Amino acid sequence: MRCLYCGEKIIPVVSWGSLFSREEEILLCEQCKDQLTLIEGDCCVRCSRPFDGLAVEYRKGEYCYDCVRWEGDIEWNGILERNRSLYLYNDFLKEVISRYKFRGDYVLARFFCKTLIQVLKDFDYDLLVPIPLSQERLYERGFNQAEALIIEAGLTLTPALKRIHTEKQSKKSREERIHLSNIFTIVNEEDIVGKKVMLIDDIYTTGSTLMHAGKLLKQHGTLSVSSFTIARG
Ligand SMILES: [Zn+2]
Ligand SMILES: [Zn+2]
């Protein structure tokens, strides 16, 4: 067996535990796994940003400052119930995701989908909706990484959103991004009316992509919106 990321041979450690537990497929080698930092412990209840290492002025009670701002804005208040991110967006994960995303390394979805299945147990949802890529990006990459995650997890996805804005988002400031409207359109309103939606994306940075998607869904009758991302920036 070889590590999905670095290709190193994985030698499984046999312990009493592993003898009795169901054989689990090991997908990443120890060195690679060690470089991923799981988000756990004290973190923002809304976006799962870790409080560890975050200056006091960037948090307010159980919320981080970003979330205080979103929730304090009448335009965005109550759009996103809760976001859960798995790992810190450190240099290693940045590299992993860029391989996954830009170089079309579909196989990495197999590693992340396992935790997706775990995390989803904590959420009450009806539909899994991947954040879509623009047609250009989809053509470049060959697949949508959020969709890949859901498919690899063996779950059903609902492609409820379509992206209409194609300009590169990352080049814009937070303010600019927030004020951009119409990034998405709804594919089929009947699919989402009265439903609890779980959005799936790769990275939560400012949250603005998820917020735009969430707002549009809610305007079209979605009951509630939560989200899952692999990384928290
Ligand atoms: Zn490795
Ligand atoms: Zn937060």
Side-chain angles (χ1 to χ4, degrees), residues 1-13 24-101 103 105-115 119 122-123 131 152 174-175 177-178 198-215 224-233:
M1 215 174 334
R2 287 189 181 274
C3 173
L4 283 186
Y5 183 70
C6 71
E8 268 304 299
K9 242 194 163 140
I10 302 171
I11 301 138
V13 185
E24 212 199 319
E25 194 188 9
I26 304 162
L27 299 171
L28 286 191
C29 72
E30 283 303 309
Q31 286 93 315
C32 286
K33 228 196 271 171
D34 281 353
Q35 291 185 73
L36 289 171
T37 312
L38 254 182
I39 294 175
E40 48 195 356
D42 209 10
C43 57
C44 172
V45 292
R46 183 181 168 279
C47 74
S48 72
R49 182 180 190 173
F51 285 144
D52 192 28
L54 194 70
V56 213
E57 61 263 37
Y58 290 112
R59 66 180 279 189
K60 198 174 170 191
E62 292 182 292
Y63 290 83
C64 75
Y65 184 62
D66 274 356
C67 289
V68 172
R69 281 213 287 187
W70 283 119
E71 291 303 312
D73 186 335
I74 46 158
E75 257 209 72
W76 299 102
N77 170 277
I79 298 287
L80 187 70
E81 294 215 336
R82 188 156 62 101
N83 170 72
R84 177 77 168 87
S85 302
L86 289 181
Y87 300 100
L88 278 188
Y89 196 41
N90 59 17
D91 289 342
F92 179 72
L93 188 55
K94 230 170 252 181
E95 179 53 33
V96 172
I97 287 185
S98 86
R99 247 166 77 164
Y100 178 37
K101 214 161 128 167
R103 285 187 261 150
D105 225 339
Y106 190 97
V107 79
L108 284 165
R110 272 172 58 204
F111 175 73
F112 293 117
C113 79
K114 288 186 160 191
T115 11
V119 165
D122 286 351
F123 283 85
I131 293 291
E152 278 295 310
R174 180 179 191 272
E175 295 310 312
R177 269 181 282 181
I178 287 170
M198 184 79 186
L199 291 168
I200 311 289
D201 204 2
D202 48 4
I203 311 160
Y204 184 112
T205 316
T206 61
S208 73
T209 308
L210 293 165
M211 289 298 270
H212 275 98
K215 188 168 185 169
S224 68
V225 180
S226 292
S227 61
F228 167 90
T229 70
I230 294 170
R232 178 68 175 89

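Hydrogens, waters and symmetry mates play no part in the numbers below; they use all other heavy atoms, side chains included. Whatever order the structure lists them in is the order used to number ligands and atoms, beginning at 1. In this text, all values refer to a predicted model and were calculated from it rather than measured experimentally.
Side-chain contact between Leu88 and Pro50: present, with at least one pair of heavy atoms (C-beta onward) separated by less than 4.5 Å. With contacts defined as side-chain heavy-atom distances shorter than 4.5 Å, the pair Glu95/Tyr5 qualifies. Between Leu210 and Thr229 there is a side-chain heavy-atom pair separated by less than 4.5 Å. You'll find the side chain of Leu36 reaches within 4.5 Å of the side chain of Phe111, heavy atoms only. Within the 4.5 Å cutoff, the side chain of Phe228 has heavy atoms near those of the Leu86 side chain.
More than 12 heavy atoms of other residues, nucleotides or ligands lie within 6.0 Å of CG in Asn90, so this atom counts as buried by the packing criterion.
Around the Zn ion (ligand 2), protein N, O or S atoms at less than 2.8 Å comprise Cys44 SG, Cys47 SG, Cys64 SG, Cys67 SG. The Zn ion (ligand 1) has Cys3 SG, Cys6 SG, Cys29 SG, Cys32 SG as its protein N, O or S neighbours under 2.8 Å.
No option in Tyr204, Trp76, Tyr65, Tyr63 other than Trp76 meets the ring-ring contact (aromatic ring centres under 6.0 Å, His included) test with Trp70.
Shown here for Asn83 and Ser227, the closest heavy-atom pair between the two residues is OD1-OG, 2.7 Å. Considering every non-hydrogen atom in both Lys60 and Val68, the closest pair reads CB-CG2, 3.7 Å.
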